[in-house]
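In what follows, a structure is listed as structure tokens, so that the remarks can point back to it.
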Amino acid sequence: MSYYEKLIFELSKPGRRGAAVPSGTGEVKVPFGDGAKCWRSEAPALPEVSEPDVVRHYTRLSQLNFGVDGGFYPLGSCTMKYNPKVCEDVPALFAGLHPLQDEETTAGARELLSGAERFLCALTGMKHFTFSPCAGAHGELTGLMIIRRYHEMRGDTARTRILVPDSAHGTNPASAAICGLEPVTVPSGPDGLVDPEALRPLLGPDIAGIMLTNPNTLGLFEKHIKEIAELVHGCGGLLYYDGANLNPLVGVLRPGDMGFDVMHVNLHKTFSTPHGGGGPGSGPVGVCEALKDALAQVDGKVSAFHGNFGVIVRAYAYILMLGREHVKELGPFATLAANYIKESLRDKFKLPIDSVCKHEFVFDGLIDDGGREGVPAATTLDVAKRMLDYGFHAPTIYFPLLFHQSMMIEPTETESLETLDECIAVLRKIADEAAVDPSLLKSAPHNTPIGRPDETEAARHPILKFTAEA
Amino acid sequence: MAQLPFFPHTQEDVARMLERVGLSSLQELYSDVPQEFLYRGEYDLPSALSESEVKASLEAFAARNRKLTVFVGQGAYDHYTPSVIPALCARSEFLTAYTPYQCEISQGTLRYIFEFQSMICALTGLDVANASVYDGATAAAEAARMCVASTRKRNRIIASEGLLPCVRKVLEAYARYGGYELLVSDHPLDALDANVAGVILPSIDRSGAIVDLEGAADAVHTAGALLVLYCDPSALAVLRSPADWGADIAIGDAQPLGMPLSYGGPYAGFMACREALMRKLPGRIVGQARDAQGHRCFVLTLQAREQHIRREKATSNICSNESLMALWATIYLSLMGPEGMKELNAACYRSSHYLRERLLSTGLFEAAEPGGFIKEFVLRPRTDASRLHKYLLDKGFFAALPTEEGRVSFCVTERRTKEEIDALVSAVEQFAEEEGR
Amino acid sequence: MSIVKEGLMYSESHEWVRMDGDVAIIGVSDFAQSEMGDITYVDMPDEGDAIEQGEDFGALESVKASSELYAPVSGTVIACNTELEDAPELINKDPYAAWIIKVQVSDKAQLAALMSAAAYAQKVGA
């Protein structure tokens with residue numbers, strides 16, 4: 001099929017429509033457009049299309065997309081596991097429930113939420129959760145609000161700085177800034193880990209806490225966590241756990257047991273609710289017992305109603321299927337798959353830090369990138385684009401910022417050995433292609449609906465909405 | 001123990017992988033973890049359920065909710081969802097796709113976001129819209145921060161008391177640490193001074209009344225601040241647009257565009273602004289581009305605003321938004337078109353005015369503040385509001401929600417039939433009768 | 001290899017300064033523009049804004065990066081190069097012709113903190 005290029009607006013024909021609407025009850029005259037200043041005089045420029053137009057257009061758009069159901073995402077930093085289908089069936093059971101309905105009419109929904117809270121507590125070692133945050137970054141912000149409340153409630157108002165390792169997700173410093181906290185960068189050691197000795201001089205009475213991702217964004221377990229916790233707690237600070245990388249720990253160890261006081265969980269990563277092309281997610285925040293009152297002050301106040309309830313229902317169903325038996329397989333299977341890929345490719349890609357990884361790991365570009373005199377070498381971007389040609393999603397690239405050619409791979413526990421082997425074979429083939437003819441990679445992708453776009457021009461002269469041709 | 005249907009590893013697979021990795025057991029994968037932290041106990045979770053048991057369990061929860069006929073809005077509106085929408089949104093190419101960073105295999109997502117942005121611009125009259133934020137309330141908080149970032153050395157935001165309570169509460173929560181000082185006022189334009197960065201007014205207030213915004217933009221701009229309007233996007237199909245009122249930023253929740261109530265989410269916040277403020281707009285933005293062959297295509301653009309590049313200097317910390325719900329709204333608006341949206345609002349208008357007349361004729365209410373409305377209105381009860389509300393609840397209606405100012409709030413969408421409306425009125429009459437005894 | 005233009009003063013953060021009486025004309029070095037790649041947007045202050053030596057007064061953006069611009073001297077912004085609004089690529093084409101702002105300098109003694117072309121060339125290995 002040739003590339004389908006249309007926008008819904010370009011299918012529009014005056015007089016067409018895709019939905020019939022009831023006319024309502026009563027005979028009152030409807031005053032829209034009668035010239036009174038509150039009404040618009042011209043209809044908004046929405047498309048006029050029939051129902052089949054709409055169905056065919058969006059079906060064809062969907063065919064331009066890659067999703068987990070269609071293929072493997074070896075995508076570091078964002079756990080992209082298979083999403084069981086039954087989880088998609090259950091939210092509709094709650095579709096008619098108004099968020100402001102009286103408690104006595106919503107017992108089922110509230111029991112589900114408290115059940116989800118019990119599950120998450122069991123899995124993380126936290127004691128209480130709020131479900132108001134709608135995504136991971138929203139959870140970070142909420143967690144930091146709780147930390148600030150906690151210090152304030154103790155009359156300690158001087159803690160305005162927060163420690164953030166240089167390997168952290170960009171959302172960490174951004175969330176800190178939005179919560180009025182100044183992020184203080186903690187440099188990683190040569191082993192990619194937070195060094196307690198580098199941390200020590202940064203501590204003081206102005207430190208609200210530390211935001212830690214463990215395993216960190218290099219996929220490495222912060223093995224000095226005990227000492228880090230003692231140091232940060234010793235100066236009066238709290239430990240925030242960024243749940244983005246919780247997956248390898250599920251069923252093995254719990255953030256609460258490592259000394260973390262506050263954390264968020266990305267239900268759309270770890271608990272298998274689908275990404276939806278970038279949301280909706282859900283980022284519940286859990287706290288230890290000491291922060292219960294601080295949590296209560298923030299609970300229900302960071303989003304309009306009860307957070308993304310429909311996402312929580314999906315995650316609840318997923319945990320029911322996991323059960324106490326299979327939960328212990330989750331982290332180890334994810335971790336095993338990552339190490340398997342890493343060990344299968346280390347002769348082709350540079351491994352900047354060589355140790356057992358957790359759910360993900362980072363390569364720093366190709367060992368032989370084909371760069372010869374006069375021939376530009378294949379970069380990580382080129383490898384990523386070439387992967388698209390072979391039917392795989394690209395890894396996360398150029399993050400973390402610690403290396404120039406970062407390429408982050410996370411396979412998750414739902415990919416079979418055969419799929420992992422296929423991916424390994426493709427990456428080995430691409431490495432061989434690069435060594436012989438890097439131009440093949442530089443011009444990739446070749447087999448996708450479009451080629452590489454001119455993003456520079458798009459940013460210099462932004463076109464951000466459809467405008468009808470004059 | 002039977003294998004979990006979505007964990008494909010057989011014992012043999014595990015053994016082969018361990019061999020490649022050079023380890024002899026799964027435990028060794030965690031040898032770098034301080035061993036005292038390993039959780040050795042049984043997890044306090046139920047025993048694993050099969051799919052049919054999961055369904056039964058969730059159905060049992062749902063059965064403990066009461067099914068009510070909804071006559072309340074207050075930020076969540078019971079509009080009908082055309083069947084086309086869930087069918088298309090459930091397509092796994094949309095549902096299970098990642099954020100469209102790899103544009104070559106994400107043209108579907110990028111295209112519908114571009115269409116969503118275009119439709120939000122059409123409804124608001126403004127130049128630029130983003131790909132969505134979490135909900136309308138967080139859109140308000142983001143808009144407040146945008147005002148502060150766009151005006152120099154000003155940090156006060158005035159929010160009208162007429163905004164929905166669910167919006168005000170989030171504005172307050174973010175204000176506490178979020179870099180702006182919040183003043184909630186019932187006369188927001190009287191509180192303007194040289195420290196005010198922005199004023200947030202509702203286009204339809206918490207009682208459902210259409211707000212006359214004549215002169216608001218002039219007053220706000222004269223004071224050097226920005227005007228933000230909180231809007232119901234469904235009503236914008238017939239209301240004068242925020243741009244025509246002179247607003248700099250328009251925000252709101254896209255829920256009224258056919259999204260089920262779902263106990264409060266997922267919905268989607270929208271944000272639109274004038275071009276001059278484009279680089280302060282938070283969240284993802286999709287732009288048009290060309291590929292090497294000259295095909296028109298779409299990419300995430302202006303990313304230097306965002307957290308993954310600018311970290312603590314980003315316009316916002318937002319990363320995930322409500323992409324799939326933006327698709328939901330986009331398909332809804334495509335199906336409805338300008339005529340459908342007008343008819344929908346007309347249906348709401350007729351039915352809500354019909355209910356209001358009938359309720360007033362019961363003698364149990366007085367008219368509250370005057371003001372035009374489309375689907376939501378308040379009345380002053382001549383009776384105990386919460387007793388009335390509970391009575392109706394027992395009769396299967398979620399209606400007459402007591403408000404902060406001692407009124408009761410009603411909302412009638414196109415979904416409510418004449419039979420349902422008449423049945424509600426009968427229940428109110430019955431209440432009046434029983435109260436009278 | 002990047003070009004370091006003679007006769008200009010340079011800051012540690014890769015801005016160049018050319019003095020014209022009491023007015024500093026400020027841009028970024030060839031090294032800075034080549035590190036950034038294709039510049040897509042120049043965030044500039046408003047005329048009349050006061051800027052402080054060492055503090056950021058704007059930023060350069062590319063598709064995948066953003067880099068703050070730091071004031072090499074303190075003073076008041078008297079002009080911004082509005083040509084860059086529509087054509088940020090001018091900085092990539094000729095960073096020494098594409099000035100960004102002009103500043104009425106409040107304390108010329110601050111210029112002593114800047115590097116000569118020779119010293120800057122050594123720093124960036126040109």
Side-chain angles (χ1 to χ4, degrees), chain A residues 18-19 21 24-26 28 30 32 43-45 48 58 61-62 64-69 86 90 93 95 97 99 105 107-108 122 134-135 137 170 173-175 177 180 276-281 301 304-306 308-309 323-324 326 332 335 339-340 416-417 448 450-451 453 458 463 465-466, chain B residues 4 8 13 17 21 26 29 43-45 48 58 61-62 64-66 88 91-93 96-97 99 104-105 107-109 118 121-122 134 137 166 173 177 238 260 263-266 288-289 291-292 297 307-308 311-312 314 317 319-321 323-324 335 337-338 343 346-347 350-351 353-354 418:
Chain A
V21 181
T25 302
V28 65
V30 177
F32 304 160
E48 296 180 69
Y58 290 102
L61 285 196
S62 77
L64 302 176
N65 255 10
F66 187 97
V68 172
D69 282 7
V86 66
V90 286
L93 295 167
L97 212 56
T105 68
C134 297
S175 299
K301 293 181 182 150
F305 300 111
H306 313 288
N308 280 341
F309 183 75
R324 61 172 172 264
H326 296 293
T335 301
N339 280 282
Y340 180 73
S416 69
L417 180 58
T448 49
I450 58 159
I463 302 173
K465 64 172 182 184
F466 170 76
Chain B
L4 195 63
D13 294 342
M17 288 198 264
V21 179
L26 288 172
L29 291 165
Y43 278 84
D44 186 14
L45 294 175
L58 272 290
F61 277 121
R64 291 195 287 279
N65 297 321
R66 279 195 50 209
L88 288 174
R91 286 190 68 89
S92 69
E93 300 91 333
T96 70
T99 306
E104 296 89 344
I105 51 168
Q107 284 300 301
T109 302
S118 303
C121 289
Y134 311 129
C166 64
Y177 306 115
V238 295
Y263 201 44
Q288 188 175 309
D291 78 353
C297 58
Q307 49 75 27
H308 61 284
R311 299 176 79 86
E312 68 266 28
N317 69 333
C319 183
S320 284
N321 52 35
S323 193
L324 196 73
L335 288 168
E343 288 172 15
R350 287 188 199 100
S351 296
H353 283 76
Y354 172 78
K418 181 166 192 300

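Lettering follows sequence order; numbering is per chain, from 1.
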Which residue out of [options] racks up the most heavy-atom pairs below 4.5 Å with chain A?
| options | answer |
| --- | --- |
| B/Ala289, B/Ala122, B/Ala137, B/Cys319 | B/Ala122 |
| B/Arg311, B/Glu343, B/Arg66 | B/Arg311 |
| B/Ala62, B/Cys166, B/Gly264, B/Ala97 | B/Ala97 |
| B/Ser118, B/Gly337, B/Ala292, B/Pro260 | B/Ser118 |
| B/Val21, B/Asn317, B/Asn321 | B/Asn317 |
| B/Ala314, B/Ser323, B/Ser92 | B/Ser323 |

Chain A contact via B/Leu26 - which portion, at a heavy-atom distance below 4.5 Å: side chain

Engaged part of B/Leu88 at the chain A interface, taking heavy atoms whose separation is under 4.5 Å: side chain

Top contributor to chain B contacts, counting heavy-atom pairs under 4.5 Å, from [options]:
| options | result |
| --- | --- |
| A/Val68, A/Leu64, A/Leu97 | A/Leu97 |
| A/Ala458, A/Gly281, A/Gly180 | A/Ala458 |
| A/Leu61, A/Ile463, A/Thr25 | A/Thr25 |
| A/Gly24, A/Ser416, A/Pro332, A/Ala43 | A/Pro332 |
| A/Ala19, A/Gly451, A/Ala45 | A/Gly451 |
| A/Gly26, A/Ala107, A/Gly277 | A/Gly277 |

Aromatic plane relationship, A/Phe309 with B/Tyr263 - under 30° parallel, 30 to 60° tilted, over 60° perpendicular: perpendicular

A/Ile450 side, atom CD1; B/Asp291 side, atom CG - distance, nearest 0.5 Å: 5.5 Å

Nearest-0.5 Å distance, CG of residue B/Leu29 to OG1 of residue A/Thr335: 6.0 Å

Contacting moiety of A/Val90, where chain B heavy atoms sit under 4.5 Å: side chain

Least distance between heavy atoms, [X] atom then [Y] atom:
| X | Y | answer |
| --- | --- | --- |
| A/Gly278 | B/Thr99 | CA-OG1, 3.6 Å |
| B/Ala48 | A/His326 | CB-CD2, 3.8 Å |
| A/Glu48 | B/Pro338 | CG-CD, 3.6 Å |
| B/Arg91 | A/Ser62 | NE-OG, 2.7 Å |
| A/Asn65 | B/Glu93 | ND2-O, 3.1 Å |
| B/Leu45 | A/Ala122 | CD2-CB, 4.2 Å |

Flag side-chain contact, heavy atom, 4.5 Å: B/Gln307 against A/Pro173: no

Residues that A/Tyr340 engages under ring-ring contact (aromatic ring centres under 6.0 Å, His included), provided they are two or more places apart: none

